[in-house]
Q: 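Below: one structure in structure tokens.
Only a predicted model underlies this, so the values are computations on that prediction, with no experimental measurement involved.
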Amino acid sequence: MTNQYTWEQTIEFIRTLPEFKELVELAYFEKELPLNVERYLKSEEFAAIKQKIKQYAPSAKSILDIGSGNGITSIAFALSGYNVITVEPDPSKTIGAGAIRILKEYYKLTNLDVYEAFAEEINFEAKIFDIVFARQCMHHAYDLNKFVAEMSRVLKSNGMFFTVRDHVVFDESDKAWFLKSHPLQRFYGGENAFHSKEYRQAITDA
């Protein structure tokens, strides 16, 4: 049963399995898209993110949300008053840009724009965002150095690059264990992780 599904098919499939019920809830993968947003808005995670933004980027107005999946962070930021551009390569209405567009219409948001692209290929103008935000995204980079360099390029000089919930491994054997142990890897084969030194080097180089 290895790599037989797309990411969208994987999420639709695990929703039907009782053993994945908790994972679906905790990962905000439920079928009712607004429910995911409402739950995320009330989460400790989003409260902590807002606190850090208030602390380190209190005057921020614009946010680039990278690899935003079904859009819980993009919508939450837009509902919080930020001008948001979200970039998500998956077009699906379950877990990708299509889902974000559905939510944008549902909440009648005029301060959110949705683009379909990989983070390494966004091609926006330089130095235009107050915050570049990535949730559970950077470890999926197909070129980590290019990913971080592109985030740096579009960030204002005094801007904030904010990445959360990335997979970090100690070495290659730990990575192999991680991929073997990940509950969804066997379905779609799209998981990844980097060593902390790789993340740090990419950020330093950028």
Q: Testing the 3.5 Å rule here: is there a donor-acceptor pair between the side chains of E88 and S68?
A: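 Their side chains do not contain a donor-acceptor pair, so the 3.5 Å distance test is not met.
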
Q: Do E191 and Y188 have a side chain donor and acceptor closer than 3.5 Å?
A: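 Yes, Y188 and E191 have a side-chain donor paired with an acceptor closer than 3.5 Å.
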
Q: Cluster question for you: counting only ILVMFWY and a side-chain heavy-atom cut-off of under 4.5 Å, with indirect links fine, are V24 and L33 together?
A: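 No.
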
Q: Are there over 12 heavy-atom neighbours, none belonging to F118, within less than 6.0 Å of that residue's CZ?
A: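 Open: at most 12 neighbouring heavy atoms sit under 6.0 Å from CZ of F118.
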
Q: With heavy-atom distances below 4.5 Å as the criterion, would you say the side chains of T94 and R15 are in contact?
A: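 Answer yes - side chains close enough.
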
Q: I want to check something: taking the side chain as every heavy atom from C-beta on, are F147 and C137 in contact at a cut-off of under 4.5 Å?
A: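 Yes. Closest side-chain heavy atoms under 4.5 Å.
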
Q: Kindly write out the residues that satisfy side-chain hydrogen bond (donor to acceptor under 3.5 Å, both in side chains) with Q55, not counting sequence neighbours, or none if the list is empty.
A: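 side-chain hydrogen bond (donor to acceptor under 3.5 Å, both in side chains) list for Q55, sorted by chain: Q51.
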
Q: Give me each pair satisfying salt bridge (charged side-chain N to carboxylate O under 4.0 Å, His left out) with a member in residues 22-36, each pair once, sequence neighbours excluded.
A: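 Residue pairs with at least one partner in residues 22-36: K21-E25, E30-R39.
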
Q: Quick check: do D205 and V148 have side-chain heavy atoms less than 4.5 Å from each other?
A: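 Side-chain contact under 4.5 Å: no.
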
Q: Would you check if I49 and F77 make a side-chain contact, meaning some heavy-atom pair closer than 4.5 Å?
A: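 Answer yes - side chains close enough.
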
Q: Are any non-hydrogen side-chain atoms of Q136 and D166 less than 4.5 angstrom apart?
A: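 Not touching, per the 4.5 Å side-chain cut-off.
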
Q: Is a side-chain donor or acceptor of T16 paired with a backbone partner of F13 at a separation under 3.5 angstrom?
A: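 Yes, because the side chain of T16 sits within donor-acceptor range (under 3.5 Å) of the backbone of F13.
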
Q: Atom CG of L179 and atom CZ of R186: how far apart are they, to the nearest 0.5 Å?
A: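 Going from CG on L179 over to CZ on R186, the span is 14.0 Å.
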
Q: Indicate yes or no for a side-chain donor-acceptor contact from N70 to the backbone of G96 under 3.5 Å, with no hydrogens or angles considered.
A: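 Not confirmed, N70 side chain does not pair with G96 backbone.
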
Q: Could you tell me which residues satisfy side-chain hydrogen bond (donor to acceptor under 3.5 Å, both in side chains) with S173, sequence neighbours excluded, listed by chain and number?
A: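 By the side-chain hydrogen bond (donor to acceptor under 3.5 Å, both in side chains) rule, S173 matches D171.
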
Q: Where do N83 and S62 land on the side chain to side chain donor-acceptor pair (under 3.5 Å) test, with the steps shown first?
A: CA-CA 5 Å; N83 295 317; S62 60; over 6 Å; no

Q: Establish whether V169 and M138 are linked, either directly or via other cluster members, by ILVMFWY side-chain heavy-atom contacts under 4.5 Å.
A: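 Unlinked, V169 and M138 end up in two clusters.
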
Q: Under 4.5 Å between any side-chain heavy atoms of S152 and L155, yes or no?
A: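 Contact flag for S152/L155 side chains = no.
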
Q: Applying side-chain hydrogen bond (donor to acceptor under 3.5 Å, both in side chains), name anything that partners Y106, two or more places apart in sequence or on another chain.
A: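 side-chain hydrogen bond (donor to acceptor under 3.5 Å, both in side chains) check on Y106 returns nothing, list empty.
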
Q: Is there any salt bridge (charged side-chain N to carboxylate O under 4.0 Å, His left out) pair reaching into residues 130-157, and which pairs are they, with sequence neighbours excluded?
A: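 Salt bridge (charged side-chain N to carboxylate O under 4.0 Å, His left out) check on residues 130-157 returns E45-R135, D130-K156, E150-R153.
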
Q: Under 4.5 Å between any side-chain heavy atoms of P34 and Y107, yes or no?
A: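 Heavy-atom side-chain distance check passes, below 4.5 Å.
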
Q: Indicate the ring-plane relationship of F133 and F162, choosing parallel, tilted or perpendicular according to the 30° and 60° boundaries.
A: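 It falls in the perpendicular class, over 60°.
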
Q: Below 3.5 Å, can you tabulate the donor-acceptor pairs from side chains in residues 121-129 to any protein atom, sequence neighbours excluded?
A:
| unit_1 | atom_1 | unit_2 | atom_2 | d |
| --- | --- | --- | --- | --- |
| E121 | OE2 | Y142 | OH | 2.5 |
| N123 | ND2 | E121 | O | 3.4 |

Q: Listed by chain and number, what are the side-chain contact (heavy atoms from CB on, under 4.5 Å) partners of N192, not counting sequence neighbours?
A: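 side-chain contact (heavy atoms from CB on, under 4.5 Å) list for N192, sorted by chain: K175, F194.
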
Q: Between the main-chain N or O of L35 and the side-chain N or O of E38, is there a donor-acceptor pair closer than 3.5 Å?
A: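 No, the answer is negative, given that no donor and acceptor are paired below the 3.5 Å cut-off.
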
Q: Suppose we screen for side-chain contact (heavy atoms from CB on, under 4.5 Å). Which residues come up paired with L23, at least two apart in sequence or across chains?
A: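 Checked L23 against side-chain contact (heavy atoms from CB on, under 4.5 Å); matches are I14, F20, A27, F29, P183, L184.
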
Q: Would you say I85 ends up clustered with I53 if hydrophobic residues are merged whenever their side chains have heavy atoms under 4.5 Å apart, either directly or through other cluster members?
A: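 Looking at the clustering, I85 is in a separate group from I53.
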
Q: What pairs with H139 under ring pair (Phe, Tyr, Trp, His ring centres under 6.0 Å), at least two apart in sequence or on another chain?
A: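 Checked H139 against ring pair (Phe, Tyr, Trp, His ring centres under 6.0 Å); matches are H167.
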
Q: If you draw a 6.0 Å radius around CD in E19, do more than 12 non-hydrogen atoms from other residues or ligands fall strictly inside?
A: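 Above 12, so yes.
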
Q: Per the salt bridge (charged side-chain N to carboxylate O under 4.0 Å, His left out) rule, what does the pair list look like for residues 46-62, sequence neighbours excluded?
A: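 Residue pairs passing salt bridge (charged side-chain N to carboxylate O under 4.0 Å, His left out), neighbours aside: none found.
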
Q: Are the aromatic rings of Y199 and H195 close, with centres under 6.0 Å apart?
A: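 Here the rings of H195 and Y199 have centres that are no less than 6.0 Å from each other.
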
Q: For residues 108-115, tabulate all N or O donor-acceptor pairs below 3.5 Å that involve a side-chain atom, not counting sequence neighbours.
A:
| unit_1 | atom_1 | unit_2 | atom_2 | d |
| --- | --- | --- | --- | --- |
| N111 | ND2 | A78 | O | 3.0 |
| N111 | ND2 | Y82 | O | 2.8 |

Q: Could you name each residue pair satisfying ring-ring contact (aromatic ring centres under 6.0 Å, His included) that touches residues 48-76, not counting sequence neighbours?
A: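 Every candidate ring-ring contact (aromatic ring centres under 6.0 Å, His included) pair involving residues 48-76 fails, so no pair, neighbours aside, qualifies.
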
Q: Would you compute the distance between atom CG of L103 and atom CG of N36 and round it to the nearest 0.5 angstrom?
A: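 Between atom CG of L103 and atom CG of N36 there are 8.0 Å.
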
Q: Is there a continuous path of hydrophobic side-chain contacts, each under 4.5 Å between heavy atoms, that joins F46 to V164?
A: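 In one cluster with F46: V164, yes.
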
Q: Could you measure the distance from the OG atom of S74 to the CG atom of D65? Nearest 0.5 Å is fine.
A: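 Result: 3.5 Å between the selected atoms.
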
